[in-house]
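Data first, discussion second: the structure below is written as structure tokens.
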Amino acid sequence: MRFEIHCKDQKSKARKGTIYTDHGIIQTPVFMPVGTAGTVKAIHNKDLEEQVKARIILGNTYHLYLRPGTNILKQAGGLHKFMGWNKPILTDSGGYQVYSLAHRRKMKEEGVIFQSHIDGSRHKFTPENVMHVQRIIGADIIMAFDECTPYPCEYDYAKKSMHMTHRWLNRCIEEFDHTEGLYNYSQTLFPIVQGSTFKDLRIQSAEYIAATGRDGNAIGGLSVGEPAEVMYELTELVCSVLPDDKPRYLMGVGTPANILECIALGVDMFDCVMPTRNARNGMIFTSEGILNMKNQKWVDDFSPIDPNGLTFVDQMYSRAYLRHLFTANEMLASIIATIHNLGFYLWLVDEAARQIEMNTFYHWKNLMVPKLSPRL
RNA sequence: GGGGGGGUUCCAGAGCGGUCAAAUGGGGCAGACUGUAAAUCUGUUGGCGCAGCCUUCGGAGGUUCGAAUCCUUCCCCCCCCA
């Protein structure tokens with residue numbers, strides 16, 4: 001994997017670049033739709049490519065390991081072939097499940113024992129076998145196994161956890177560097193900065209992660225409930241320590257405003273379930289604000305879903321119709337909303353890239369941010 | 001024509017003398033959602049000048065300190081037999 005920076009914004013840390021992988025190039029800043037279980041929920045790959053213009057999607061090690069399992073993934077020839085997606089894939093390691101499924105796992109130095117949310121069976125995840133599983137999944141970018149700490153978090157715990165994440169990283173690197181991909185294309189490993197909301201820990205972690213010299217670096221453990229200001233402050237701090245010439249990936253972020261703010265801080269890659277999950281729950285993101293499509297007020301609004309939207313659904317369907325579909329619990333509601341939201345998120349990062357290129361990003365960002373959050 | 005059952009707050013449906021503005025489900029309305037246990041979850045759902053009061057359980061009248069609950073009568077539904 002290779003990363004090239006084309007231009008930088010003068011008034012912020014924003015930059016426009018390209019990541020080169022064996023499955024194609026990724027223009028940055030980029031938003032990566034989340035496809036946990038081998039599917040970005042409620043959307044076909046065809047729409048994902050042609051309408052949304054997604055250039056890389058996520059998969060999840062924990063979920064894919066449990067179902068369909070490594071045996072099937074290996075027989076399929078990896079996740080790309082299994083799901084019919086020929087562009088890049090990034091897999092999360094299961095580190096987020098250490099956080100989100102905390103009540104059904106036990107963590108030790110050796111690794112984590114998860115009790116499956118599907119059938120209750122127990123499964124051990126170690127840095128080594130998480131690398132092994134991600135080799136079988138065949139993601140272009142794989143993530144180190146880490147602990148995503150909760151918020152709030154005691155200093156002592158955050159420190160202990162960070163050090164363990166670092167030790168796990170060493171084991172991940174050791175395992176990854178001594179194995180090869182199964183499918184004739186290269187994979188790369190991203191380490192993850194932790195340290196909760198503590199500046200000294202974040203600096204220490206960022207330095208540690210930077211020193212491993214991998215192709216890209218991730219920032220984890222944020223957007224877990226802390227105020228946005230805290231997230232921005234720590235992101236800025238960590239970005240200042242991480243190398244400039246490698247892509248920076250802020251995991252799990254975020255709202256459209258979060259993304260623009262963090263692009264300004266030097267982040268290149270984002271992922272978040274928000275555009276897809278919230279789409280299924282009736283929330284529509286637009287450049288003018290947020291719409292709750294279940295609300296009564298859209299009942300007879302026959303204007304297009306998003307007059308500024310670039311996907312076909314934006315012009316083809318009215319708000320009244322989409323509201324009707326949500327009210328009637330029709331699955332097309334989820335499909336339309338998902339295409340729209342992902343299309344909007346990708347438009348947002350692409351527009352950011354264009355503004356960076358024109359050196360007008362900072363001004364544009366400050367104009368956009370206040371417009372993105374109001375409820376319409 | 002004979003016999004039986006029933007009408008409850010938007011709907012379905014509990015309640016069968018006080019603890020009932022009335023269970024529960026649905027629907028409605030609103031909110032939440034940030035490396036997805038999520039097409040999920042939460043709140044709310046008679047009115048008001050709201051620690052109280054007013055209107056409400058098919059209509060009218062009655063019994064009672066007190067009625068959605070008991071009695072009389074009227075109206076309307078449903079089922080079975082002929």
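Keep in mind the model is a prediction, meaning the values are calculated, not measured.
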Please report the distance separating the [atom1] of [N] from the corresponding atom of [M], rounded so that it comes out in whole Å.
{"N": "B/G25", "M": "B/C70", "atom1": "C1'", "value": "30 Å"}
{"N": "B/U55", "M": "B/C48", "atom1": "C1'", "value": "11 Å"}
{"N": "B/U8", "M": "B/A23", "atom1": "C1'", "value": "12 Å"}
{"N": "B/A82", "M": "B/A12", "atom1": "P", "value": "32 Å"}
{"N": "B/A21", "M": "B/C65", "atom1": "C1'", "value": "22 Å"}
{"N": "B/C77", "M": "B/U72", "atom1": "P", "value": "22 Å"}
{"N": "B/C57", "M": "B/G46", "atom1": "P", "value": "15 Å"}
{"N": "B/G17", "M": "B/A68", "atom1": "C1'", "value": "11 Å"}

**OP:** Sugar-phosphate means primed atoms, P, OP1 and OP2; the rest is base. With that split, encode nucleotides 24-35 of chain B 5' to 3' as B, S or - using protein heavy atoms under 4.0 Å.
**Re:** ----SSSSBBBB

Original post:
Counting just side-chain N and O atoms, does A/S100 come under 4.0 Å of either OP1 or OP2 of B/A37?
Top reply: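 So the side-chain polar atoms of A/S100 do come within 4.0 Å of the phosphate oxygens OP1 or OP2 of B/A37, strictly under.
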
With sequence neighbours excluded, tell me which residues meet ring pair (Phe, Tyr, Trp, His ring centres under 6.0 Å) with [X].
{"X": "A/Y321", "value": "A/Y317"}
{"X": "A/W85", "value": "none"}
{"X": "A/Y249", "value": "none"}

When you compare the protein's N or O atoms with those of nucleotides 9-12 of chain B, which come within less than 3.5 Å of each other, and at what distance?
none

Subject >> With A/E4 via side chain to side chain contact (heavy atoms under 4.5 Å, CB included) - residues at least two apart >> reply: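 Applying side chain to side chain contact (heavy atoms under 4.5 Å, CB included) to A/E4 gives A/R2, A/H6, A/Y20.
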
Original post:
Mind checking what makes side chain to side chain contact (heavy atoms under 4.5 Å, CB included) contact with A/A211, not counting sequence neighbours?
Top reply: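 Once residues adjacent in sequence are excluded, A/A211 has no partner under the side chain to side chain contact (heavy atoms under 4.5 Å, CB included) criterion.
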
**OP:** Verify side-chain contact (heavy atoms from CB on, under 4.5 Å) between A/R15 and A/D244, making sure each step is shown before the conclusion.
**Re:** CA-CA 10 Å; A/R15 64 263 191 88; A/D244 215 43; 3.6 Å; yes

Distance-only check: which donor-acceptor pairs under 3.5 Å involve side-chain atoms of residues 154-161 of chain A, not counting sequence neighbours?
unit_1, atom_1, unit_2, atom_2, d
A/Y155, OH, A/D200, OD2, 2.5
A/Y157, OH, A/E147, OE1, 3.2
A/Y157, OH, A/E147, OE2, 2.7
A/S161, OG, A/E147, OE1, 2.5

Original post:
Is there a side-chain contact between A/E288 and A/N308 (heavy atoms, below 4.5 Å)?
Top reply: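 Side-chain contact under 4.5 Å: yes.
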
Original post:
Are A/V253 and A/M32 connected in the hydrophobic side-chain network, where two residues link if heavy atoms are under 4.5 Å apart?
Top reply: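 Result: no, two separate clusters.
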
Original post:
Pairs in or reaching into residues 104-113 of chain A: which pass side chain to side chain donor-acceptor pair (under 3.5 Å), with residues at least two apart or in two chains?
Top reply: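 Residue pairs passing side chain to side chain donor-acceptor pair (under 3.5 Å), neighbours aside: A/E109-A/R167.
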
Subject >> Between B/A39 (C1') and A/L322 (CG): distance, integer Å >> reply: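 Distance, rounded to whole Å: 13 Å.
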
Subject >> Rounded distance (Å) that lies between atom C1' of B/A39 and atom CG of A/N341 >> reply: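 Rounded to whole Å, this separation is 14 Å.
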
**OP:** Return the set of residues passing side chain to side chain donor-acceptor pair (under 3.5 Å) with A/H117 (not counting sequence neighbours), or none when no residue passes.
**Re:**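 Per chain and number, A/H117 pairs via side chain to side chain donor-acceptor pair (under 3.5 Å) with A/Y62.
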
Original post:
Do any of residues 110-137 of chain A sit with a heavy atom less than 4.0 Å from RNA chain B, and if so which?
Top reply: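 Contacts with RNA chain B under 4.0 Å: A/H117.
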
Donor-acceptor list for residues 368-376 of chain A side chains, cut-off 3.5 Å, not counting sequence neighbours:
none

Determine which nucleotide pairs with [N], using a 3.5 Å limit on both distances of a Watson-Crick or G-U wobble pair.
{"N": "B/U9", "value": "none"}
{"N": "B/G31", "value": "B/C41"}
{"N": "B/A22", "value": "none"}
{"N": "B/A82", "value": "none"}

